[in-house]
Visitor: 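Sharing a structure below in structure tokens format, with a few things to ask.
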2 protein chains.
Amino acid sequence: MKKFELIYNELKQKIANKSLPAGSKIPSENQLCQDFNCSRGTLRKALELLAQDGLINAQHGRGVFVLDHEQITFSFGSLISFAEANQDSGSTFTTEVALCRNLLCDAALASVTGFAAETPLLKLLRLRTLNNEKIIADLNYFNTNLITGLNQDIAQKSIYHYIESELKLKIGFARRSIEVCAPNDYDLKYLDLSQFNCVVVVKNWVYLADGVLFEYTESHHRPDKFVFTEFVRRR
Amino acid sequence: MKKFELIYNELKQKIANKSLPAGSKIPSENQLCQDFNCSRGTLRKALELLAQDGLINAQHGRGVFVLDHEQITFSFGSLISFAEANQDSGSTFTTEVALCRNLLCDAALASVTGFAAETPLLKLLRLRTLNNEKIIADLNYFNTNLITGLNQDIAQKSIYHYIESELKLKIGFARRSIEVCAPNDYDLKYLDLSQFNCVVVVKNWVYLADGVLFEYTESHHRPDKFVFTEFVRRR
DNA sequence: ACTCATTTGTTCGTATGTATG
DNA sequence: GCATACATACGAACAAATGAG
């Protein structure tokens, strides 16, 4: 692991276990440089990451202060998978693969997903259950030229872990949109919508580090179970 | 303006006017350092900002490439005000101030807004109209100990511009949440909801650079007119 | 009002590591 | 193997904001 990542993780943990409590001032940059035996540039890179996470706030001439981060609960603000997002929250989600089949991208699908026509794709429908209610339906399309060897077993667990650890591919970035739509046939068939007549649709276009689109996903959420939170800085 | 900001703005403009077109490789860091007469650290700081914006993607050993950014339309991914967000999009929004009055924060309001009880607040309700339809209701609470001199005239224009340019205060960061709720009394009274029985609620807690909360806002959007888009990087 | 030490912010230069072709 | 290009790390200097004296 890189040095700045080590420092970042160490400070992050100290904030999490409150040995650096919210509201407190952390040691000065020069002090931390000594503690971690690093240059100021390296330390500041770690602090930058913590600031982006909303964990600390630097004040010119005063010092760096720990923010109260308890308020951010289930953050979608970074690019993480469903499995990753839930492994540390105490909630007990389960995943069921309702559909898993190969197909070729046609013109209609191309305009929705952004894949070129004729691209071989794996189509997945996965249902997420919380407290015996199916509240999320994830519809994924993966480019199987890039993501090879995907199967139902992997889909049950974490596809992102498979892509990075098994295939050794680097995930780069994603574009995302959030909107509210009428339920489609899948939603009506599979989700426990009860009285709700709309769903929150989160669309994701995910690219490898070399800029190639490898995944298009639509997550359909029951509106009462959807909260998106994020932290943003003024520039 | 700082040197890295100048470089950032210049490159951003070249991408916007397509003298650096999507898909193209931009000059190497060393070349750009010569062009801008700056160090590599300074140049990389500018490139970092462009990368966060989703405008470029760096590939180790290959170069830096311009991404296709047309796909991000109405981004709320950064911390900007309604007026700022709309000044460059061609749409013709109008703002109407429906309510503007001073009050003291009571216990109930304190738990919602995060302000301490007894804090003097200005409560604002502003309606945003697009094509003769009222589709957004913004309910703001400003701490008037910090944001002094606010009035209906300023609320009609841009409060953020007033805070930064007139009061010379520095806005630091915000926490935000997005969820779907049943319409409240204001929504039913003021918005053109037609057949919709829900609204998208965006809550914002906004802090000055010194970490003090100065604004709590709820934006209520008609669901069919709400799209939130953002760009995220894998870390 | 002024000085001064402290602390963060910006910029430069240099060296080395690592991925690509 | 080699040149190119981005990534990481170190050190140094000065600027700018803050707060204490």
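Quick note on labels: first sequence line is chain A, next is B, and so on, each numbered from 1. Computed from a predicted model, the values in this text were never measured in an experiment.
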Visitor: Judged by modelled atom types alone, do B/Arg128 and B/Thr95 share a side-chain donor-acceptor pair under 3.5 Å?
Guide: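 On atom types as modelled, these side chains qualify, holding a pair under 3.5 Å.
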Visitor: Could you pull out all residues at least two apart from B/Lys14 that satisfy side chain to side chain contact (heavy atoms under 4.5 Å, CB included)?
Guide: B/Ser19, B/Leu20
Visitor: Does A/Lys12 have any side chain to side chain contact (heavy atoms under 4.5 Å, CB included) partners at least two apart in sequence or in another chain, and if so, which?
Guide: A/Tyr8, A/Leu50, A/Asp53, A/Leu55
Visitor: In this structure, is the centre-to-centre distance between the rings of B/Phe142 and B/Tyr216 below 6.0 Å?
Guide: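 No, ring centres 6.0 Å or more apart.
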Visitor: Salt bridge or not for B/Glu179 and B/Lys203, using N-O below 4.0 Å?
Guide: yes
Visitor: At under 4.0 Å between heavy atoms, what does A/Asn57 touch on the DNA or RNA strands: base, sugar-phosphate, or nothing?
Guide: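 No contact at all - A/Asn57 keeps every heavy atom at 4.0 Å or more from the nucleic acid.
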Visitor: Please output the side-chain donor-acceptor pairs of residues 101-115 of chain A that fall under 3.5 Å, not counting sequence neighbours, one pair per line with the distance.
Guide:
| residue | atom | partner | partner atom | Å |
| --- | --- | --- | --- | --- |
| A/Asp106 | OD1 | A/Ala108 | N | 3.3 |
| A/Asp106 | OD1 | A/Leu109 | N | 2.8 |
| A/Ser111 | OG | A/Ala108 | O | 3.0 |
| A/Thr113 | OG1 | A/Leu109 | O | 2.8 |
| A/Thr113 | OG1 | A/Phe115 | N | 3.2 |

Visitor: Please tell me whether A/Arg235 and B/Gln52 have a donor and an acceptor in their side chains that are separated by less than 3.5 angstrom.
Guide: yes
Visitor: Mind listing the residues from residues 38-48 of chain B sitting with a heavy atom below 4.0 Å of DNA chain D? Number order is fine.
Guide: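 The answer is B/Arg40, B/Arg44.
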Visitor: When you list every nucleotide of DNA chain D with an atom under 4.0 Å from a heavy atom of chain B, which one comes first 5' to 3', and which comes last?
Guide: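 The footprint of chain B covers D/dA5 to D/dT8.
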Visitor: Ring-plane angle category for B/Phe173 and B/Tyr207, please: parallel below 30°, perpendicular beyond 60°, tilted otherwise.
Guide: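 Because their plane-to-plane angle is under 30°, the rings of B/Phe173 and B/Tyr207 count as parallel.
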Visitor: Of all residues at least two apart in sequence or in a different chain, which pass the side chain to side chain contact (heavy atoms under 4.5 Å, CB included) check with B/Glu166?
Guide: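 Scan of B/Glu166 (side chain to side chain contact (heavy atoms under 4.5 Å, CB included), adjacent residues dropped) gives B/Tyr162.
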Visitor: With B/Thr119, which residues qualify under side chain to side chain donor-acceptor pair (under 3.5 Å), at least two apart?
Guide: none
Visitor: Extract, from 5' to 3' on DNA chain C, the first and final nucleotides lying under 4.0 angstrom from some heavy atom of chain B.
Guide: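 Range of nucleotides touched by chain B: C/dT10 to C/dG21.
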Visitor: Pairs in or reaching into residues 41-52 of chain A: which pass salt bridge (charged side-chain N to carboxylate O under 4.0 Å, His left out), with residues at least two apart or in two chains?
Guide: A/Glu29-A/Arg44
Visitor: Identify, residue by residue, the members of residues 23-30 of chain A with a heavy atom below 4.0 Å from DNA chain C, and return them in order of residue number, or none.
Guide: A/Ser28, A/Glu29
Visitor: Tell me which of A/Phe4 and A/Gly61 sits closer to the 5' end of DNA chain D, going by the nucleotide each one is nearest to.
Guide: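 Closest to the 5' end, via its nearest nucleotide, is A/Phe4.
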Visitor: For DNA chain C, whose closest nucleotide is more 5', that of A/Ala58 or that of A/Lys2?
Guide: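 Upstream on the strand: A/Ala58.
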Visitor: More 5' along DNA chain C: A/His60 or B/Met1, using each one's nearest nucleotide?
Guide: A/His60
Visitor: Could you list the residues that satisfy side chain to side chain contact (heavy atoms under 4.5 Å, CB included) with A/Ser28, not counting sequence neighbours?
Guide: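 Only A/Asn30, A/Gln31 meet the side chain to side chain contact (heavy atoms under 4.5 Å, CB included) criterion with A/Ser28.
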Visitor: Of all residues at least two apart in sequence or in a different chain, which pass the side chain to side chain donor-acceptor pair (under 3.5 Å) check with A/Lys123?
Guide: A/Tyr186
